[in-house]
2 protein chains.
Amino acid sequence: MSLPHAILTALLEKPSSGLELTRRFDKSIGYFWSATHQQIYRELGKLEADGLIRALPAEQPARGQKKSYEVLPAGRDELARWTAAAQDPRPMRDPLPLRLRAAAVVGTTGLEADLRRHLELHERQLAEYREIEKRDFPPGKDGAEDRLRHLVLRAGIDLETFWTQWLRHALAEFADLPGRGPA
Amino acid sequence: MSLPHAILTALLEKPSSGLELTRRFDKSIGYFWSATHQQIYRELGKLEADGLIRALPAEQPARGQKKSYEVLPAGRDELARWTAAAQDPRPMRDPLPLRLRAAAVVGTTGLEADLRRHLELHERQLAEYREIEKRDFPPGKDGAEDRLRHLVLRAGIDLETFWTQWLRHALAEFADLPGRGPA
DNA sequence: CTAGACATGTAACGAGTTACATGATTCA
DNA sequence: TGAATCATGTAACTCGTTACATGTCTAG
């Protein structure tokens with residue numbers, strides 16, 4: 001139950017059409033919650049049916065016509081409720097540790113190359129986040145909203161830092177593993 | 001496409017029945033890939049139909065009867081293939097940063113308490129992992145398989161460390177946020 | 001002989017993914 | 001006028017979750 005609330009947040013920040021939302025989910029929001037345009041359109045339909053958002057008046061009924069939405073009071077209330085509600089942390093769910101564990105049984109052949117690739121990707125992502133941090137959160141900016149959004153970016157930076165360190169550690173271990181075939 | 005491979009790995013480590021697998025997914029494997037018994041039974045059925053595993057001969061056709069599976073050569077091959085295949089890293093997908101971003105718009109009321117709860121849960125999980133590390137990976141043990149499994153546990157420890165640090169940071173920021181209502 | 005634990009399974013739904021379909025606008 | 005792009009949407013499928021159903025075994 002997170003996508004609708006991600007959309008409500010995005011729409012409160014700025015009323016948008018489906019495609020505009022899709023683009024924003026490719027950028028900042030997508031750093032911690034990605035979504036495709038199909039999911040977004042489906043969810044916009046539900047949110048409108050539930051009376052949490054409405055299409056901005058412009059009388060376009062048809063396909064191919066841009067349709068923008070704004071959040072209704074009920075939508076804001078629902079978002080505030082969800083934000084404050086207790087939720088259990090999600091257990092981690094990542095295939096990479098799984099592959100290491102499998103490698104302990106069927107051998108590590110070929111895995112190392114992909115780990116190296118992951119390391120590069122995470123390093124690139126980390127560099128991008130640091131750029132954004134430098135650009136969007138210079139020392140002066142420290143209103144309440146700025147601080148909260150900075151915290152969110154911090155989560156991204158720290159997570160990527162975790163991955164790069166862990167992958168480097170893993171590659172170092174691989175380097176002096178005895179045999180490379182099945183264990 | 002990770003659950004079937006998690007099951008193959010578990011079965012290679014030790015042939016098991018559905019419920020035994022469920023229990024193992026509640027423990028060690030579940031630290032990075034959780035699954036319910038319904039998912040597991042469904043997946044066992046598919047894997048058997050695909051000829052990757054087979055039920056151990058014991059001629060029990062019915063419900064309520066224990067049914068153990070073992071991995072066939074085709075299953076081992078498939079697992080080795082998957083382990084070595086290139087896979088893109090999953091973008092992070094966590095509701096918590098989302099809630100902070102929402103709080104920047106609708107206010108932080110009530111969120112702090114849940115952050116504190118998350119911090120406690122992550123601290124407990126971290127302590128548990130450290131216990132396991134002390135118990136299962138004493139300095140002496142360093143065969144190839146041990147090292148790989150230790151790496152997996154390391155990922156869990158480092159991730160929990162990330163969360164506890166980030167949450168502490170977030171709570172510190174909250175503590176000296178000016179207004180607590182909608183921004 | 002029955003209550004509780006053990007064990008396997010079905011059904012229905014929600015969320016995410018992939019492939020494709022359709023209409024409008026712009027510009028060469 | 002027709003190709004490219006913008007924009008909205010359908011359909012079909014997989015994966016994960018929740019609730020429930022059914023059968024077996026064992027201890028008291």
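Chain identifiers are assigned alphabetically (A, B, ...) following the order of the sequence lines, protein sequences preceding nucleic acid strands; residue numbering begins at 1 within each chain. Only a predicted model underlies this, so the values are computations on that prediction, with no experimental measurement involved. Scope of the values below: all heavy atoms of this structure, side chains included, with no hydrogens, waters or symmetry mates.
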> Is there side-chain contact between Tyr31(A) and Ile132(A), with at least one heavy-atom pair below 4.5 Å?
yes
> I'd like a table of atom pairs between the protein and nucleotides 17-19 of chain D - only N or O on both sides, under 3.5 Å - with the distance next to each one.
from: dT17(D); atom 1: OP2; to: Gln39(B); atom 2: OE1; distance (Å): 3.3
from: dA19(D); atom 1: N6; to: Gln38(B); atom 2: NE2; distance (Å): 2.7

> Return the CZ to CG distance between Arg101(A) and Leu153(B), rounded to the nearest 0.5 Å.
10.5 Å
> Less than 4.0 angstrom from a charged side-chain N to a carboxylate O is my criterion; do Arg24(A) and Glu20(A) meet it?
no
> Hey, can you pull the residues of residues 44-52 of chain B with a non-hydrogen atom under 4.0 angstrom from DNA chain C?
none
> Would you mind checking if Asp114(A) and Arg99(A) are paired as a salt bridge, meaning a charged N to carboxylate O distance below 4.0 Å?
yes
> Taking NZ, NE, NH1 and NH2 as the nitrogens, is one of them in Arg154(B) or Glu133(B) under 4.0 Å from a carboxylate oxygen of the other?
yes
> Might you point out which heavy atoms bring Leu98(B) and Ser2(A) nearest each other, and give the distance in Å?
CD2-O, 3.8 Å
> To the nearest Å, give me how far apart CD1 (Ile40(B)) and P (dT8(C)) are.
11 Å
> Check whether any side-chain N or O of Tyr41(B) sits under 4.0 Å from OP1 or OP2 of dG9(C), and answer yes or no.
no
> Find the distance Arg90(B):CZ to dG16(C):C1' and express it as a whole number of Å.
10 Å
> Tell me whether the rings of His118(B) and His122(B) are parallel (<30°), tilted (30 to 60°) or perpendicular (>60°).
tilted
> In residues 4-26 of chain B, which ones come under 4.0 Å of DNA chain D, going by heavy atoms?
none
> Report the residue (Leu3(B) or Tyr69(A)) whose heavy-atom-nearest nucleotide on DNA chain D is the more 5′ of the two.
Tyr69(A)
> Just verifying a value: how many Å separate Leu19(B) CG and Ile40(B) CD1, rounded to the nearest 0.5 Å?
9.0 Å
> Is there a side-chain contact between Ile53(A) and Leu11(A), using heavy atoms and a 4.5 Å cut-off?
yes
> Do Met92(B) and Leu100(B) share a hydrophobic cluster (ILVMFWY, side-chain heavy atoms under 4.5 Å, transitive)?
yes
> Under 4.0 Å between a side-chain N/O of Lys66(A) and OP1 or OP2 of dT25(C), yes or no?
no
> Do Gln87(A) and Pro95(B) have side chains that approach each other closer than 4.5 Å (heavy atoms only, starting at C-beta)?
yes
